[in-house]
Protein chains: 2
Amino acid sequence: MNDADEGVTRWRRVADRIRASIADGSVSNQLPPETELAERYAVNRHTVRRAIQSLAAEGLLRSERGRGTFVNASAPRLAYPVGLRTRFSENVTAQGQRPAGRLIRSETVRADQALAALLNCPLGAALARLDTLSVASGLPLSVSTGYFPADRFPNIVRDYAETGSITEALRRHGLPDYRRLETRITAERVHPVDAEHLDLPPDSIVLVSSAVDVDAEDRPVQAMRSRFPADRMELVFRL
Amino acid sequence: MNDADEGVTRWRRVADRIRASIADGSVSNQLPPETELAERYAVNRHTVRRAIQSLAAEGLLRSERGRGTFVNASAPRLAYPVGLRTRFSENVTAQGQRPAGRLIRSETVRADQALAALLNCPLGAALARLDTLSVASGLPLSVSTGYFPADRFPNIVRDYAETGSITEALRRHGLPDYRRLETRITAERVHPVDAEHLDLPPDSIVLVSSAVDVDAEDRPVQAMRSRFPADRMELVFRL
DNA sequence: GCTAATTTGTTCGTATGTATA
DNA sequence: CTATACATACGAACAAATTAG
């Protein structure tokens, strides 16, 4: 406890030394066991664990029970273009992937204040809620919750289940085209249910995209809220 | 600890009970002390701390040394419009806030592969790197790292330091206007240095916006990478 | 396929430091 | 100044998952 203490806690100093050993390449893939690190840095195993936890929270490390602690390989993110005519299937096929949409859940709900405002419909109006999972080449890319006016799109659930495509389901209701009005982006920790569908660890980060699509007459068609794995995806806006 | 164990760890069960006590309103502001919770749930104080840590990571709780543990009030996110002519100062003033930009750090670097491609300049070209902090009404909104061709904007650092505005600094170099070419959005855990500047807990989430601005002749003016606190901000794209 | 060793995860106990009321 | 409350740190033991033999 006497060496250049500087008021920095031990676990931070351990974390810094681990970070440095990765930066200078002396550790590239797997870290030594916690017990060994504890001995090397002359601290308790708990202190090492606290340091590793901190680095894992930054995304630098990843611990696997029974196996060890590993340096995270940072794979390039998949670019997902968002624009006036955002279509999932077009985006994916443009990158040489096989798209697929699967219905997770559906129900009919009443429009609350927020949904009524977004969809420009009366409070309490019947809405079809569709929870869908988008997959490209076996890798889950997003889970989306979409709300559609039930009177205008009575068979949206069946049509989506049959085609796996919102675009196609809407076309069957006589809507040849629609466009994106506005997209709001934020990020948060993944909801446990979404983590299951997206095959993500429970402390992962998701990009949350909230958007409204409108038809040619500017009437709202759907309000949707999509969650993307932040470490696999990048949303690209070209203006 | 024999009741319906289900193989769920104790700290998770404690976390669930705390979450429930918040959801049903029996705890609205401050949590009881850790020692009291430990006694109430018949577990060690460490187990309570592990549960609280988990809920804090979700953003539900916030611990303050010497004071206690509090339920986080979820404030509505500040909307930050992004478009062809994204200007920090205009965005902020439009919402009745007082904008301010402060220079954190600056240096001259050589363009690596990625920067050369973004800025359409030779590999190894001199670039001015500016790290800036944007604040509105005392609340830090973003940290940005911008790269500018050093030959074209020799005094960018001084001009920014004097004006606190990139727009104004570029104007002084004879560039009356510029526009946003493309914006790429993803999210990640905050870097410790950024956490300091943004006044964020070390495990927070930041939205990362990577963009290139170009002049009227489509020549790249700056490549920038901005980090926004995800729990305070929402990026809005209107197309 | 089974067992033992390895490695991370959880839980207790105890003590001390540091910020706040 | 004292009491309270969260933060750090050590030690010990066992559980759970994986790997090696």
Side-chain angles (χ1 to χ4, degrees), chain A residues 1-18 27 29-57 59-72 192 195 199 201-204, chain B residues 1-18 27 29-57 59-72 192 195-196 199-204:
Chain A
M1 250 58 37
N2 40 18
D3 54 310
D5 207 309
E6 284 188 56
V8 182
T9 58
R10 288 193 190 183
W11 68 263
R12 273 187 197 284
R13 277 179 286 168
V14 171
D16 286 343
R17 292 183 68 173
I18 293 174
V27 174
N29 187 11
Q30 182 166 8
L31 250 63
E34 293 170 351
T35 48
E36 191 180 318
L37 290 173
E39 192 175 7
R40 179 182 309 178
Y41 298 132
V43 296
N44 190 273
R45 183 176 155 230
H46 285 308
T47 308
V48 171
R49 283 179 61 74
R50 183 69 185 83
I52 288 175
Q53 181 189 35
S54 157
L55 296 172
L60 186 63
L61 298 178
R62 155 186 45 90
S63 290
E64 295 179 25
R65 175 190 218 156
R67 303 210 334 116
T69 301
F70 302 85
V71 180
N72 268 331
D199 191 23
D203 58 344
S204 305
Chain B
M1 248 27 46
N2 43 16
D3 53 308
D5 207 308
E6 283 188 57
V8 183
T9 58
R10 287 190 193 185
W11 68 262
R12 274 188 195 282
R13 278 178 286 166
V14 171
D16 286 343
R17 292 183 68 173
I18 293 175
V27 174
N29 188 12
Q30 181 167 7
L31 250 62
E34 293 171 349
T35 47
E36 191 180 319
L37 291 173
E39 192 176 6
R40 180 183 307 177
Y41 297 132
V43 297
N44 190 274
R45 185 179 150 231
H46 286 308
T47 309
V48 171
R49 281 179 63 74
R50 183 68 186 82
I52 287 175
Q53 180 191 35
S54 158
L55 295 172
L60 186 62
L61 298 179
R62 154 185 45 92
S63 290
E64 296 180 24
R65 162 149 48 180
R67 297 197 358 102
T69 301
F70 303 86
V71 179
N72 268 331
E196 195 73 31
D199 191 24
L200 287 176
D203 57 345
S204 305

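In the text below, chain A, chain B and the rest are named by the order of the sequence lines, each starting its count at 1. Computed from a predicted structure; not experimentally measured.
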**Asked** Roughly, in whole Å, what's the span from CG in A:Leu31 to C1' in C:dT7?
**Response**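 Spelled out: CG on A:Leu31 to C1' on C:dT7 is 13 Å.
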
**Request:** Let me know the distance between CG of B:Leu61 and P of D:dA5, rounded to the nearest Å.
**Result:**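 Interatomic distance, CG of B:Leu61 to P of D:dA5: 17 Å.
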
**Message:** Looking at A:Thr47, I'd like to know whether one of its side-chain N or O atoms comes within less than 4.0 Å of OP1 or OP2 on D:dT8.
**Reply:**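 No, A:Thr47 has no side-chain N/O under 4.0 Å of OP1/OP2 on D:dT8.
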
**Request:** Ignoring backbone atoms, establish whether B:Thr69 has a side-chain N or O less than 4.0 Å from OP1 or OP2 of D:dC6.
**Result:**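 For D:dC6, OP1 or OP2 has a side-chain N or O of B:Thr69 closer than 4.0 Å.
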
Salt bridge (Lys or Arg N to Asp or Glu O under 4.0 Å) with [X]: which residues, sequence neighbours excluded?
{"X": "A:Glu64", "value": "A:Arg62, A:Arg67"}
{"X": "B:Arg40", "value": "B:Glu36"}
{"X": "A:Arg65", "value": "none"}
{"X": "B:Arg50", "value": "none"}

**Prompt:** For B:Ser63, what residues pass the side-chain hydrogen bond (donor to acceptor under 3.5 Å, both in side chains) criterion, not counting sequence neighbours?
**Reply:**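 Result, side-chain hydrogen bond (donor to acceptor under 3.5 Å, both in side chains) vs B:Ser63: B:Thr69.
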
**Request:** When you get a sec, tell me which of D:dA5, D:dT8, C:dT10 is the closest nucleotide to the side chain of B:Pro33?
**Result:**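 The answer is D:dA5.
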
**Request:** For residues A:Val43 and A:Trp11, determine if any side-chain heavy atom of one lies less than 4.5 Å from a side-chain heavy atom of the other.
**Result:**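 They are not in side-chain contact.
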
**Message:** Base contacts versus sugar-phosphate-only contacts with protein, heavy atoms under 4.0 Å: please encode nucleotides 14-21 of chain C as B, S and - from 5' to 3'.
**Reply:** B--BBBSS

